[in-house]
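Hydrogens, waters and symmetry mates play no part in the numbers below; they use all other heavy atoms, side chains included.
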Amino acid sequence: MSGYIAFVKKEFTENMKNYRFLILFAVFLIFGITSAFLAKYTPEILSALTKDMEMSSEPAALDAWKQFYKNMSGVGFSAFIILYGNSLSNEYSKGTLVLMVTKGLSRKAVILAKYTVAAVLMTVSYWTSYAATYGCTALLWNDRTLSHVALAASALWLSGFLYLSILMTGCVMFRQTFTSILFTGGMAALLSLAGMAEPIARFHPFILTSKNVDLISGTTVPADFIIPALISVMISVFGLLTAIRLFNKKQL
């Protein structure tokens, strides 16, 4: 346990010094602030630029959340994966892992510490972004008809742990950053394709990233998210355990 705590402190310090957390926080915060304003004013800007264009309807608070989920599930989590794709490759190149492991640090502690720090920093960045979107949406619209806003955001946040567990497995399997990121993208694509099969679609984890707006607008219910959430947690745990097992056997 002492080794794990020491490595967590080391990871937090390193993420601050190399600006990785600052970059992630800034990207997420920008998406949080701009989501509501883009939803509110983009139609007006387009109408001003194109005189023949007419807005079919006035922008609503739901449009702000559509923008938020589009940004976060796409570019936001992609930025997260890219930033943390070198979690182990830097350690491999510097040879620091060999030194620490020979001094008694367990390999399991390395993986758990890196996962913990990445998960915590992602969580802080994500919920700050959510708070920014919530505040800006409340400022621009006085709409209290939307329901389960926090629950929908929690569903997307939960999927971040799934991506992280896949990424950690890729970082253990491959020494190159690009290959780890490519592996994560490939596995995410395979999971997405598997969700296209009708018997699986209703319980697929990617419901957590695709049905958020439906939950807010009331076209789906919270119960539809229970099984996908449980499956997402199971895959996340399996991915993390797989990363630990592979790292225990890997030659440093």
Undergrad: Do Ile207 and Asp224 come within less than 4.5 Å of each other through their side chains, counting heavy atoms only?
TA: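 Not in contact.
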Undergrad: Would you please say whether a donor-acceptor pair under 3.5 Å links the side chains of Tyr115 and Ser87?
TA: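 No, because no side-chain N or O of Tyr115 sits under 3.5 Å from a partner of the opposite role on Ser87.
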Undergrad: Angle class for the Tyr130/Tyr134 ring planes (parallel below 30°, perpendicular above 60°, tilted otherwise)?
TA: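 If you compare the ring of Tyr130 with that of Tyr134, the planes turn out tilted.
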Undergrad: A side-chain contact here means heavy atoms from C-beta on lying under 4.5 Å apart; do Phe21 and Val117 qualify?
TA: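 Not touching, per the 4.5 Å side-chain cut-off.
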Undergrad: Would the number of heavy atoms belonging to other residues, nucleotides or ligands and lying under 6.0 Å from CZ of Arg20 be above 12?
TA: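 Enclosed: over 12 neighbouring heavy atoms sit under 6.0 Å from CZ of Arg20.
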Undergrad: Applying the 4.5 Å side-chain criterion to the ILVMFWY set and letting contacts propagate, would Val75 and Ile82 be lumped into a single cluster?
TA: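 Yes, one cluster joins them.
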Undergrad: Between Tyr84 and Met16, is there shared hydrophobic-cluster membership here, with clusters defined by ILVMFWY side-chain heavy atoms closer than 4.5 Å?
TA: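 Same cluster: Tyr84 reaches Met16 through Ile, Leu, Val, Met, Phe, Trp or Tyr contacts under 4.5 Å.
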Undergrad: Are any of the side-chain heavy atoms of Gln67 and Thr137 separated by less than 4.5 Å?
TA: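 Not touching, per the 4.5 Å side-chain cut-off.
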Undergrad: Between Ile227 and Ile235, is there shared hydrophobic-cluster membership here, with clusters defined by ILVMFWY side-chain heavy atoms closer than 4.5 Å?
TA: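 Linked within one cluster.
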Undergrad: Side chains of Trp157 and Thr123: do they bring a donor and an acceptor to under 3.5 Å?
TA: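 Note: Trp157 and Thr123 side chains meet the donor-acceptor criterion.
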Undergrad: Do Phe174 and Phe183 have ring centres separated by under 6.0 Å?
TA: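 Centroid separation for Phe174 and Phe183: below 6.0 Å.
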Undergrad: Are Trp65 and Val221 linked, directly or through intermediate hydrophobic residues, by side-chain heavy-atom contacts shorter than 4.5 Å (ILVMFWY only)?
TA: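 No.
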Undergrad: Any donor-acceptor pair under 3.5 Å linking the side chain of Ser180 with the backbone of Gln176?
TA: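 Indeed, once roles are kept as given, a pair shorter than 3.5 Å links the two residues.
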Undergrad: Are Val124 and Leu121 in one and the same hydrophobic cluster, where Ile, Leu, Val, Met, Phe, Trp and Tyr link if side-chain heavy atoms are under 4.5 Å apart?
TA: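 Yes; tracing contacts between hydrophobic side chains, which count when under 4.5 Å, links both residues.
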Undergrad: To the nearest 0.5 Å, what is the distance between CG on Asp214 and NE2 on His148?
TA: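 Here the interatomic distance stands at 12.5 Å.
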Undergrad: Will you find, in the side chains of Ser73 and Thr209, an N or O donor that is under 3.5 Å from an N or O acceptor?
TA: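 No.
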Undergrad: Please report the interatomic distance OG1(Thr169) to CG(Leu164), rounded to the nearest 0.5 Å.
TA: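 Interatomic distance, Thr169 OG1 to Leu164 CG, rounded to 0.5 Å: 9.5 Å.
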Undergrad: Find the distance between OG1 (Thr177) and CG (Leu182) and round it off to the nearest 0.5 Å.
TA: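 Reported value, rounded in 0.5 Å steps: 12.5 Å.
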Undergrad: So does Lys70 have more than 12 non-hydrogen atoms from other groups sitting under 6.0 Å from NZ?
TA: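 Open: at most 12 neighbouring heavy atoms sit under 6.0 Å from NZ of Lys70.
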